[in-house]
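Structure first, then comments.
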Amino acid sequence: MNKLAPKPLLFVAMPFGTKRDPAERYEIDFDAVYEKAIKPAAHDCDLEVIRADEEVVGGFVHTAMYERLLLAEIVLADLTLANPNVFYELGVRHAARPRSTVLMFAKRASGRQLPFDLAPIRAIPYELLDGVMSDEEVVRLESELKQRLQIAREDREVQDSPIFQLIKGYPGISLAHDVTESFRDRVGFVGDIRGRLKEVRAQKDVDSAKALVSDVKQVVLESKDTSPELLIDLMITYRDLEAWNEMISLTEACPTEIKNLITVQEQLSLALNRRNENGDRDRAREILQAVIRENAPSSETYGILGRVYKDEFEEALRAGQQNRARAALDEAIEAYKTGFEVDPRDYYPGVNLATLLLRKGTPEALKELEQVRPVVSFAVTRRGGIQSADYWDVVTVLELSAMGEDWQTAKRAAGKAVLIADAPWTLRTTARNLRIIKDSFDQRNKSTTELRQLITELENAADEMRS
């Protein structure tokens, strides 16, 4: 029997999730654009559609990404936010393929324009109202996308790459047939594995989930081309199951070039800190400090380092080791402060800095807290605050509201956090942060009734997620 010809591939390069437009006062739900307009248009054009990874692994575009850009029959790039990853991917595509690259962007109320170098290229605009597409606009965009995708699929003459248009005889990149076939096989493999991991995350029984993900791990590690993206997906799945031993073992089994990626090193440190067996916490610190020495400063790395010291602070307090607790608290504050200074847009180290300054409680710490809290509040508000669909955005509002004794907002944020949390450990982490705030209230003889209620709500919700 003849093998059926595979569908042409459409590779979509675009932002993921909900992102705030820095030039407007609203967020854009790019997942909605993808699900409501792009995927239906691709389906109607009989295309197989795959989307770019949300994060470039370890700070660089990895092999799978290059393959998609070079070998997909059509590439669709959403240039709305001038996302550097998307623009880099577009540059690679234009340098490699003469045609079948389609551009789109959301128009601003003030009149959004494409960057100068791309202005001559025909792009599909779409309208947003406060960051949302109307039903009528969804229908219009889907229709226009279908027309452009069909043209890209059928027209083998028109060149849309500026490089091929301007440089006569530019050869581009031509790959052998067996390379293309191998690429298609890997696309199918990645899709299958991610589907199985999605099933794992839906499991209520932790032991069953661990058994399923263990089977997936063996398939991934035994594959000829171990994918960084899939290994990181596996690590995150183990993290959501709070399977720290398995997460650490997976990292140790990774090829050296993947094990040394910054993202992998950060996640390994997080797992070591959470497992906290003999020597784990020291090793976590050593890994993070090595990452800091060898790479540009990162709010993510400093944020995880701060978490290691914060956990050591709490552990020392429980053991009655006051000197060790004070030292760990100061180190945690310094790490979070540095992380927030590296990128004030990243509220994670900022809100933890604020919490620990409140916990320290000295006049100097409280004075610094007065300066830090408004900056953190501004950072999370720009991401949507309590209206955001991101768990960490919402619980940051919760923690800031609790510090300021705004219980009405805190209760709203806690209720929403319970609704959108996708793993028990996230709720328990937030409950632990609220306990630190509660301890600072106890020290100052302030009422903790509302805080205790919030902590109980989050802990109960975490228990129910795996029951």
Note: T251 and M247 closest approach over all heavy atoms is OG1-O, 3.0 Å
| field | Salt bridge flag under 4.0 Å for residues R93 and E89 | value | no
message = Taking E286 first and then R283, would you say they form a salt bridge - that is, a charged N and a carboxylate O separated by under 4.0 Å?
response = no
Nearest heavy-atom contact between T429 and R274 is OG1-NH1, 3.9 Å
Output yes when E127 and R140 qualify as a salt bridge under the 4.0 Å nitrogen-oxygen rule, no when they do not. no
Is there a donor in the side chain of D311 and an acceptor in the side chain of N276, or the other way round, less than 3.5 Å apart?
no
Residues V394 and G385: closest non-hydrogen pair is CG2-O, 4.1 Å
Discussion item. Do K310 and N273 pair up side chain to side chain, a donor and an acceptor below 3.5 Å, judged on atom types alone?
Written reply: no
Notebook entry, point to check: Is K411 salt-bridged to E457, going by a charged N under 4.0 Å from an acidic O?
Noted result: no
Without hydrogens or angle criteria, can the side chains of D78 and Y126 be said to hold a donor-acceptor pair below 3.5 Å? yes
>> Counting only heavy atoms from other residues, nucleotides and ligands, does the tally under 6.0 Å from CZ of R412 exceed 12?
In response: no
Check D330 with K360, please: is the shortest side-chain N to carboxylate O separation under 4.0 Å? yes
- Query: With no hydrogens and no angle check, do the side chains of D390 and S388 hold a donor and an acceptor under 3.5 Å apart?
  - Reply: no
**Request:** Scan side-chain atoms only and decide if Y347 and D393 contain a donor-acceptor pair under the 3.5 Å cut-off.
**Result:** yes
When every non-hydrogen atom of E242 is compared with those of P424, the smallest separation belongs to OE2-CB, 3.9 Å
In short, T301 meets E266 closest at the heavy-atom pair OG1-OE2, 2.5 Å
Does the pair R285/D282 count as a salt bridge with the N-to-O cut at 4.0 Å?
yes
- Query: For residues T355 and Y336, is any side-chain donor paired with an opposing acceptor at under 3.5 Å?
  - Reply: no
Ionic contact status for K217 with E246, cut-off 4.0 Å
no
In short, L79 meets F105 closest at the heavy-atom pair C-CB, 4.3 Å
- prompt: Going by an N to O cut-off under 4.0 Å, is there a salt bridge joining E142 and K36?
  reply: no
